[in-house]
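Read through the structure below, which is laid out as structure tokens, and then see the notes.
Read the numbers this way: they start at 1 and go in the same order the structure lists the ligands and their atoms.
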Amino acid sequence: MKLVEKNPKDSSKPAKEKESHHTPKGAKRELIKKFPVRCNLEDYETAYNEFTWDDGRKEISYFAGGKVNAAYNAVDRHLVDGRKNKVALYTVGADGALNKLTFLEIYEAANRLGNALKAIGIKKGDRVFVFLPRVAELYIATIAIAKIGAIAGPLFSAFGPDALRDRLQDSEAKVVITNPALKDKIHGIKKDLPDLEHIIVVDTDEKDLIKNELSYSSLVAKASTELKCEPMDPEDPLYLLYTSGTTGKPKGVIHVHEDIVGHHMTSKWVLDLKDDDIYWCTADPGWVTGTVYGIFGPWSLGASCVSYEGRFDAAGWYQLIDRLKVTVWYTAPTALRMLMKAGDDVVYQHSLSSLRHVLSVGEPLNPEVVRWGMKVYGLPIHDNWWQTETGMQLIANLPCNAIKPGSMGKPLPGVYAAIVDDDGEELEAGELGRLVVRPGWPAMLRTVWRNEPKFHEYFKIPGWYFSGDNAWKDEEGYFWFVGRADDVINTSGHRVGPFEVESALVEHPAVAEAGVIGKPDKERGEIIKAFIVMANDTAPSDALMEEIKEHCKRTLSAHAYPREIEVKDSLPKTRSGKIMRRLLKAWELGLPTGDLSSLDDD
Ligand code: ATP
Ligand code: MG
């Protein structure tokens with residue numbers, strides 16, 4: 001598909017003039033100014049012009065000969081920089097039980113497990129997967145695996161058998177670390193996993209162990225607390241993580257120890273972590289945000305992290321912020337939309353005065369949510385853009401820059417992002433095109449596990465890493481997300497991104513969530529069809545649907561409103577909370593649904 005193409009009804013004018021998409025109304029006018037707090041990065045322009053990744057490497061501890069280990073940077077180095085007895089991790093169980101672990105305690109626990117893994121034959125490069133809820137052992141295991149040079153494979157604890165089989169089979173995992181409640185899921189597929197040698201079970205008695213199982217506590221009890229980190233080549237693999245599966249079958253992305261340079265610098269600039277912060281990343285480490293910004297990045301800066309085992313619950317989340325006095329909070333649009341749906345009263349019933357910095361990632365953040373955040377939290381929500389493949393944030397609303405609600409922000413220092421056509425030519429400000437990045441940032445994926453051709457697809461636009469997303473850039477260098485390249489709708493010769501229509505829909509008080517697709521239409525090529533979830537039990541009616549359409553027409557334009565609206569109880573989402581538009585489309589058109597292993601079907 002060529003993005004910049006001529007209007008089929010009129011081929012006389014140059015293509016670019018015919019390109020049609022909507023600058024969100026008010027995008028230029030609406031600006032949330034920088035807040036008067038001192039940020040780790042105060043002067044974006046200077047840093048953007050002067051920073052190189054070699055400057056970033058100076059903040060990372062290397063071993064002799066340029067060797068490095070991400071786990072050493074996340075944990076070991078804090079034993080000598082004054083943070084030894086600082087709390088590294090607050091874990092809050094689903095029942096509310098609070099536990100604290102210092103950097104020293106994490107260090108010793110990870111050393112024990114690292115030694116135990118070595119003792120059962122795990123070597124550099126072996127894949128060790130972690131299939132646990134958000135308990136301390138999840139964090140300890142990830143560090144232990146990295147320390148001995150094995151490759152960590154995080155798995156979301158809600159995965160079903162298909163998702164587990166795909167990942168464990170494809171990666172040829174040797175070990176899975178799990179718990180008594182989850183281990184049956186592994187045994188159920190064990191016959192399909194010839195490479196899996198051991199299942200290590202936490203919180204279990206020796207007497208309850210069955211075939212292939214080992215007890216975590218027995219293994220570590222015998223192991224020493226002394227372990228030297230494996231000096232790794234910066235290009236040696238650190239973790240193997242599968243993408244969210246929003247657009248198709250998840251890809252097994254390989255990241256390396258050198259990524260820590262990017263984890264560190266972005267946690268410093270974007271998360272803006274300081275020594276007295278209490279930081280809560282709500283993402284599960286089964287997704288890239290939970291691994292990079294729930295473990296390696298914040299720990300590289302020596303920050304105190306919060307891990308909450310429980311599920312989403314608006315009052316419960318606010319209580320947690322109040323109880324632990326969370327200062328920096330990194331979450332996702334889907335959670336923020338659910339919080340907005342839960343209403344303002346529940347916000348005001350809690351004290352959220354500890355919060356100073358709020359961030360969002362994973363999906364487009366609707367401007368309405370940013371405005372609501374300003375109203376109820378008194379803080380702007382900082383959207384940022386990145387992917388499993390990019391391994392770190394690349395485009396962000398930095399705390400030192402003003403925010404334009406609906407924009408993902410600007411490329412970080414050291415990152416050159418652009419909007420190009422299919423030939424890699426950069427487009428003018430305001431033009432819709434492919435979102436690409438110049439390779440060279442430290443955390444770019446190194447390969448797709450056992451799928452080199454897939455890896456090369458990311459580089460099909462010469463000179464660029466292609467993200468698969470469409471976006472545009474304004475004259476001040478802010479980037480605006482339009483949609484996945486495959487999701488862009490072509491209606492009567494106009495290109496419309498699902499995000500802008502969804503954002504207009506959720507602006508309407510009766511709409512809590514919206515997913516928008518293009519539906520084939522003889523006359524118009526495609527028409528816009530919206531699936532919506534009603535807010536606050538509002539009863540749907542024909543009159544209300546007309547009113548919602550009118551609202552979209554007013555906000556967008558006459559051709560960009562949804563001609564069809566269907567009300568649903570919920571929208572299909574991935575386990576990481578992303579709306580699966582491809583599934584809405586398959587349902588609508590009666591087509592095969594494709595890979596559903598990432599579907600959140602609770
Ligand atoms: P798959 O690649 O398997 O289809 P996925 O792309 O959802 O799944 P992730 O790597 O978890 O897997 O997500 C990255 C994608 O999430 C981006 O390409 C983009 O489409 C979307 N995304 C992330 N952050 C933002 C953001 N701030 N605004 C808009 N979209 C975002
Ligand atoms: Mg993707």
With heavy atoms and a 4.0 Å threshold, my read on which part of Leu365 contacts ligand 1 is neither
Have a look at Gln393, Lys251, Lys249, Glu363 and point out the one with the heavy atom closest to atom 28 (N) of ligand 1. Glu363
Flag the pair Arg450 and Glu172 as a salt bridge only when some basic side-chain nitrogen lies within less than 4.0 angstrom of an acidic carboxylate oxygen. yes
Which is it for Asp469 and ligand 1 at heavy atoms under 4.0 Å: side chain, backbone, both or neither? side chain
Just by distance, no angles: are the side chains of Gln387 and Tyr458 close enough, under 3.5 Å, to form a donor-acceptor pair? no
Restricting to non-hydrogen atoms, name the atom on Asn397 and the atom on His382 that form the minimum distance, rounded to 0.1 Å. O-CD2, 3.2 Å
Best match, Gly362, Pro364, Gly577: closest heavy atom to atom 23 (C) of ligand 1: Gly362
Below a 4.0 angstrom heavy-atom separation, can you tell me which part of Trp386, side chain or backbone, both or neither, approaches ligand 1? backbone
Listing request: all salt bridge (Lys or Arg N to Asp or Glu O under 4.0 Å) pairs with a residue in residues 252-272, at least two apart in sequence or in separate chains. Arg57-Glu258, Glu59-Lys268, Asp259-Arg446, Asp272-Lys274, Asp272-Arg356
Would you check whether Trp385 reaches within less than 4.0 Å of ligand 1, judged by its heavy atoms? yes
closest protein heavy atom to atom 7 (O) of ligand 1 is Thr246 OG1, 2.4 Å
Tell me which donor-acceptor pairs under 3.5 Å the side chains of residues 360-370 have, and how far apart each pair is, sequence neighbours excluded?
residue: Glu363; atom: OE1; partner: Arg337; partner atom: NH2; Å: 2.9
residue: Glu363; atom: OE2; partner: Ile579; partner atom: N; Å: 3.0
residue: Asn366; atom: OD1; partner: Arg337; partner atom: NH1; Å: 3.1
residue: Asn366; atom: ND2; partner: Ser503; partner atom: OG; Å: 3.0
residue: Glu368; atom: OE1; partner: Arg371; partner atom: NH1; Å: 3.0

Please say which of Val306, Thr289, Thr331 ends up in a side-chain contact (heavy atoms from CB on, under 4.5 Å) with Cys281. Thr289
For atom 6 (O) of ligand 1, which candidate among Arg484, Met580, Gln387, Glu389 holds the nearest heavy atom? Arg484
Please compare Met408, Lys578, His382 and report which has the shortest non-hydrogen distance to atom 15 (C) of ligand 1. Lys578
